[in-house]
Amino acid sequence: MKKRNRLAVLSLFTITLFALASCNKDDDGSPIPEGIQRAELTFTEVSGEAVEAHGDHFHGLDGGTEGESIRITFDEQGNATSNGHLHLEADAVYKIGLKAWDYDGREVQPDFLTDKATADQYKAFLIGGDFTLNPDSDDESGAIFQPREQTYGNGTAVDGKYETTGILSYFVIGHDNKGGTKAVTYVLRKLDPGVKGTIERTDWNRGDYAETFAGNNVLELKFEIHAEHGHEH
């Protein structure tokens, strides 16, 4: 009888430990434990006399004027459900803003930027398109994708290019890339510790980004860009 009682107590103890472990796993503090159900990228044209491309970044953005916007919506697989084929002015600068929602309908993109420790895990890339990058252009007519958050969610300043993430970014496709349709993917990647600080501004379009910058993709949003002069959406 005593042996059976000891076995019953041991079994109850094991079940209790398993249940506690399961609860801890479900509440592990990850920003979006249930994943992302849908997302949006909004492209807003930014103009101004001082707004210009320079090497791997832009000048004059703080003094720019925002114009018309177009929003691409995506399903949980990252496929575009509206406006998945963009017509962009080749030499125009666009602000790109990401929004994403989990399965409870909660907007989650601020979770990636709550503070520096959190943001250090994430970086956005714009993959595909075989772009001529602006630093490789003879006349500053190539493509730039510049992540440009300036504050974290807790109000502290984002300090320099190695801390920016790409939830907010700026983009120009450039005259050198005018012509045919380019299939691209906006990627938000969760990086291994210490990796983000090694990513340069010109790494945003690297075909080997996954092998070079260890981690896992959180989002892969697929769409097309056609660059021209005098575009119509």
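Counting from 1, the numbers follow the sequence of the chain as shown.
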Review point. Taking R189 for the side chain and G215 for the main chain, is one N or O donor matched with an acceptor at less than 3.5 Å?
Key: yes
Practice item. Any chance you could lay out the salt bridge (charged side-chain N to carboxylate O under 4.0 Å, His left out) test for K190 and D120, step after step, and finish with the verdict? Key: CA-CA 9 Å; K190 186 173 184 180; D120 277 351; over 6 Å; no
Review point. Got a sec, which pairs hit ring-ring contact (aromatic ring centres under 6.0 Å, His included) with one end in residues 179-200, sequence neighbours left out?
Key: none
Practice item. List the steps, then state whether side chain to side chain contact (heavy atoms under 4.5 Å, CB included) holds for I96 with T42. Key: CA-CA 5 Å; I96 305 176; T42 299; over 6 Å; no
Review point. Same hydrophobic cluster for V108 and L221, using side-chain heavy-atom links shorter than 4.5 Å among ILVMFWY?
Key: yes
Practice item. Assess the side chains of Q146 and H57: does a donor N or O sit below 3.5 Å from an acceptor N or O? Key: no
Check your understanding: Between Y94 (side chain) and S69 (backbone), is there a donor-acceptor pair under 3.5 Å?
Key -> no
Check your understanding: Do T65 and E45 pass the side chain to side chain contact (heavy atoms under 4.5 Å, CB included) test, and can you show the C-alpha distance, the side-chain angles, and the key distance before you say yes or no?
Key -> CA-CA 8 Å; T65 300; E45 194 167 337; over 6 Å; no
Exercise for review: Using distance alone, with no hydrogens and no angle criterion, decide if E140 and N134 have a side-chain donor and acceptor under 3.5 Å apart.
Suggested key: yes
Check your understanding: Given a cutoff of under 4.5 Å between side-chain heavy atoms of I, L, V, M, F, W and Y, with clusters grown through shared members, what are the other residues clustered with Y209?
Key -> F125, I127, V187, L191, V195, I199, F213
Practice item. Working to the nearest 0.5 Å, report the span between CD of E52 and NE2 of H59. Key: 6.5 Å
Review point. For D138, which residues count as a salt bridge (Lys or Arg N to Asp or Glu O under 4.0 Å) partner, sequence neighbours excluded?
Key: none
Review point. Taking the side chain from N217 and the backbone from E220, do they hold a donor-acceptor pair closer than 3.5 Å?
Key: no
Point to revise | Donor on one side chain, acceptor on other, K196 and T165, under 3.5 Å | key: yes
Review point. Would you say D130 has more than 12 foreign heavy atoms packed within less than 6.0 Å of its CG?
Key: no
Practice item. Check A53 against I144 and note the closest heavy-atom contact, atom names and distance. Key: CB-CD1, 3.6 Å
Exercise for review: With sequence neighbours excluded, give me every salt bridge (Lys or Arg N to Asp or Glu O under 4.0 Å) pair touching residues 146-174.
Suggested key: D62-R148, K161-E200
Point to revise | side chain to side chain contact (heavy atoms under 4.5 Å, CB included) evaluation trace for T156 with T151 | key: CA-CA 6 Å; T156 60; T151 57; over 6 Å; no
Practice item. Please check if the side chain of H226 supplies one atom and the backbone of L88 the other of a donor-acceptor pair under 3.5 Å. Key: no
Check your understanding: Do L86 and V93 share a hydrophobic cluster (ILVMFWY, side-chain heavy atoms under 4.5 Å, transitive)?
Key -> no
Review point. Quick one: salt bridge (Lys or Arg N to Asp or Glu O under 4.0 Å) partners of K95, sequence neighbours excluded?
Key: E66
Check your understanding: Residues two or more places apart in sequence or in another chain: which of them pass side chain to side chain contact (heavy atoms under 4.5 Å, CB included) with E107?
Key -> K99, W101, Q109
Exercise for review: Using side chain to side chain contact (heavy atoms under 4.5 Å, CB included) as the criterion, list what pairs up with T114, not counting sequence neighbours.
Suggested key: T118
Practice item. List in chain and number order the residues that pass salt bridge (Lys or Arg N to Asp or Glu O under 4.0 Å) with D203, two or more places apart in sequence or in another chain; answer none if no residue qualifies. Key: R206
Point to revise | Trace of the side chain to side chain contact (heavy atoms under 4.5 Å, CB included) decision for N79 with K222 | key: CA-CA 6 Å; N79 299 312; K222 300 174 281 290; 3.2 Å; yes
Review point. Is a side-chain N or O of D208 found less than 3.5 angstrom from the main chain of T212, in a donor-acceptor match?
Key: no
Practice item. Considering non-hydrogen atoms only, spot the tightest contact between T202 and P135 and give its length. Key: CG2-CG, 3.8 Å
Study note, to complete from the structure: Taken in chain and number order and not counting sequence neighbours, the residues that satisfy side chain to side chain contact (heavy atoms under 4.5 Å, CB included) with E76 are Y103
Check your understanding: So, does N83 use its side chain to make a donor-acceptor pair with the main chain of R71 at under 3.5 Å?
Key -> yes
Review point. In terms of hydrophobic clustering (I, L, V, M, F, W, Y; side-chain heavy atoms under 4.5 Å; direct or indirect links), are V184 and I70 co-clustered?
Key: yes
Distance-only donor-acceptor hits, side chain of residues 167-177, under 3.5 Å, sequence neighbours excluded:
from	atom 1	to	atom 2	distance (Å)
H175	ND1	H229	NE2	3.1
D176	OD2	S137	OG	2.8
N177	OD1	T132	N	2.7
N177	ND2	T132	O	3.2
N177	ND2	I173	O	2.6

Review point. Going only through I, L, V, M, F, W and Y residues with side-chain contacts under 4.5 Å, is there a path from L113 to L219?
Key: yes
Review point. Quick one: side chain to side chain contact (heavy atoms under 4.5 Å, CB included) partners of S82, sequence neighbours excluded?
Key: T73
Review point. Same cluster for I225 and L41 if Ile/Leu/Val/Met/Phe/Trp/Tyr side chains link at under 4.5 Å?
Key: yes
**Study point:** Donor-acceptor under 3.5 Å (D75 side chain, Q77 main chain)
**Key:** yes
Point to revise | Distance-minimising heavy-atom pair for A124 and L188 | key: N-CD1, 4.1 Å
Point to revise | Ion pair D102/R38, N-O distance below 4.0 Å | key: no
Review point. Could you give the distance from OG (S47) to CD (E89), rounded to the nearest 0.5 Å?
Key: 11.5 Å
Exercise for review: May I ask you to check if K182 and F131 form a cation-pi contact, with NZ or CZ under 6.0 angstrom from the six-membered ring centre and within 45° of the axis?
Suggested key: yes
Practice item. Any ring-ring contact (aromatic ring centres under 6.0 Å, His included) involving residues 145-164? Give me the pairs, sequence neighbours left out, ordered by first then second residue. Key: F145-W204
